[in-house]
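Heads up: the structure comes next, in structure tokens.
In this chain, numbering begins with 1 at the start of the sequence shown.
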Amino acid sequence: MPEGDTVLQTATRLHEALAGRVLTRSDLRVPRFATADLSGRTVLDVTARGKHLLTRIEGGLTLHSHLRMDGAWRVYAPDERWRGGPGHQIRAILANAEHTAVGYRLPVLELLRTSEEDRAVGHLGPDLLGPDWDPGRALDRLLAAPERPLGEALLDQRNLAGIGNVYKCELCFLARVTPWLPVGALPDGALPRLVTLAERLLNANRDRPTRTTTITSELRTPPGPPSPPSSTPAPSATAATPAPARAPTRPRAPQPVRVQERLYVYGRARRPCLRCGTPIRLADQDDRPTYWCPGCQSGPTP
């Protein structure tokens with residue numbers, strides 16, 4: 001699922017393949033821009049802005065795309081077979097003498113003036129992986145609606161840009177609260193720590209081929225007697241390690257030693273929590289699958 005880290009990786013691949021080279025072919029397969037021909041122009045750069053991609057092209061033009069849930073850009077050598085999906089899913093082709101970039105299932109694709117990029121990305125909050133990252137501004141935007149559920153607030157790109165559904169679930173787990181807890185109900189100091197942790201997690205994964213939010217040391221340690229929430233220290237932003245779980249309602253057998261798992265809760269419905277052993281739950285929040293541990297995370301649930 002594309003989130004800020006994977007979109008940045010896509011921008012890097014596209015930049016390496018296209019920037020500084022003259023386009024020999026362009027094909028935008030959306031009705032509004034079907035007649036646009038960018039061939040003969042040089043690609044200047046490709047950059048990520050939150051979960052948006054901006055391909056800047058000679059002549060003051062920017063090709064803006066967004067991957068949303070399942071869009072993708074693939075880069076191929078001239079004689080390489082395209083494997084990103086069937087032909088009818090192709091929305092864009094940008095080629096030069098060395099590489100061909102193919103955009104599949106792009107729900108957003110538009111050509112605009114570079115001077116007007118704010119029309120596409122001006123609404124975004126501070127970019128967790130960008131040079132404009134400002135944790136104080138992100139915090140202010142999140143606190144502007146204290147009644148809003150935390151999960152929804154984290155996904156709102158106007159607050160901070162780059163978090164998707166996977167990070168939403170993982171961050172709420174690490175904060176020990178459910179995604180339905182109102183932002184204003186978080187314990188004192190929890191939200192600033194969460195914002196800091198979000199930036200650390202995305203940066204830790206900016207170059208990884210597979211997203212990881214867990215650490216090996218915790219997975220190899222069977223859970224011991226947990227501490228109550230009131231005395232629980234905050235998660236470490238450096239190690240992205242959740243604090244010990246609160247006391248369960250009934251005794252549980254020690255959990256077996258587990259192999260490394262990359263995510264704490266996302267995609268793990270009905271499997272035991274890596275921290276306390278309680279089965280992970282799944283429900284929709286704003287039409288998005290949302291995972292949480294009822295043993296470790298406090299707050300309202302559906």
Side-chain angles (χ1 to χ4, degrees), residues 1-8 11 47-54 64-69 107-108 116-206 211 213 234-238 240 242 265-266 284-292 297-300:
M1 181 178 297
E3 306 206 16
D5 50 0
T6 48
V7 173
L8 180 64
T47 189
R49 180 72 173 86
K51 296 193 286 183
H52 298 252
L53 286 164
L54 302 171
H64 166 232
S65 59
H66 195 295
L67 307 181
R68 287 197 181 158
M69 297 294 287
V108 176
E116 298 176 351
E117 284 180 358
D118 271 0
R119 289 201 295 109
V121 297
H123 66 287
L124 298 175
D127 187 345
L128 284 151
L129 295 176
D132 70 323
W133 172 240
D134 183 339
R137 193 154 59 95
L139 187 62
D140 288 344
R141 293 192 176 200
L142 288 166
L143 289 171
E147 75 289 349
R148 193 173 190 188
L150 177 62
E152 293 181 13
L154 290 174
L155 284 181
D156 190 337
Q157 303 300 294
R158 296 170 297 183
N159 292 330
L160 63 174
I163 292 178
N165 204 41
V166 176
Y167 278 118
K168 176 198 81 172
C169 296
E170 295 295 295
L171 286 166
C172 288
F173 175 82
L174 291 167
R176 300 178 54 81
V177 298
T178 70
W180 293 272
L181 184 74
V183 170
L186 267 73
D188 289 345
L191 192 59
R193 290 193 296 269
L194 186 62
V195 168
T196 298
L197 181 57
E199 186 269 339
R200 296 285 180 88
L201 275 181
L202 265 73
N203 265 295
N205 283 286
R206 63 187 297 153
R211 185 178 296 124
T213 62
S236 166
T238 302
V265 292
Y266 189 87
D284 280 351
Q285 183 181 40
D286 198 23
D287 295 325
R288 293 174 181 264
T290 298
Y291 301 82
W292 80 99
Q297 294 171 255
S298 60

Under 3.5 Å donor-acceptor pairs involving side-chain atoms of residues 125-139, not counting sequence neighbours:
unit_1 : atom_1 : unit_2 : atom_2 : d
D127   : OD1    : L129   : N      : 3.0
D127   : OD2    : G50    : N      : 2.9
D132   : OD1    : D127   : N      : 3.3
D132   : OD2    : R49    : NH2    : 3.3
D134   : OD1    : G136   : N      : 3.1
D134   : OD1    : R137   : N      : 3.2

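Nearest approach of P289 to C169, heavy atoms of both residues: O-SG, 4.2 Å. Here the closest non-hydrogen pair linking W180 and D284 is CZ2-O, 3.8 Å. Counting all heavy atoms, side chain and backbone alike, L191 lies closest to L150 at CD1-CD1, 4.3 Å. In plain terms, the two heavy atoms of L202 and G162 that are nearest each other are CD2-O, 3.7 Å. Summarising the geometry of Q285 relative to T290, their closest heavy-atom pair is CB-OG1, 3.4 Å, with the distance given to 0.1 Å. Nearest approach of V183 to A145, heavy atoms of both residues: CB-O, 4.2 Å.
For the pair C172 and W292, the minimum side-chain heavy-atom distance is 4.5 Å or more. Residues D286 and P149 have side chains not in contact (no heavy-atom distance under 4.5 Å, counting atoms from C-beta outward). At a threshold of 4.5 Å between non-hydrogen side-chain atoms, the residues V265 and E170 count as touching.
For the side-chain hydrogen bond (donor to acceptor under 3.5 Å, both in side chains) condition, the pairs that include at least one residue of residues 144-167, sequence neighbours left out, are D5-Y167, R148-D156, D156-R158, N165-K168, Y167-N205.
One distance of note links CG of L174 with CG of L194; it measures 8.5 Å at 0.5 Å rounding. In this structure, OG in S298 is found 8.5 Å from CG in L186, a value given to the nearest 0.5 Å. Here the CZ-CZ distance, from R211 to R206, works out to 14.0 Å after rounding to the nearest 0.5 Å. The distance from atom CZ of R193 to atom CG of L171, rounded to the nearest 0.5 Å, is 13.5 Å. To the nearest 0.5 Å, atom CG of residue L155 and atom CD of residue E3 are 8.0 Å apart.
Without hydrogens or angle criteria, R200 side chain to T196 main chain gives no donor-acceptor distance under 3.5 Å. Using modelled atom types, no side-chain atom of T178 and backbone atom of Q297 make a donor-acceptor pair closer than 3.5 Å.
For D140, there are no side chain to side chain contact (heavy atoms under 4.5 Å, CB included) partners, not counting sequence neighbours.
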* Starting from the C-alpha separation in whole Å, work towards a yes-or-no answer on side chain to side chain contact (heavy atoms under 4.5 Å, CB included) for L54 and H64. => CA-CA 5 Å; L54 302 171; H64 166 232; 3.9 Å; yes
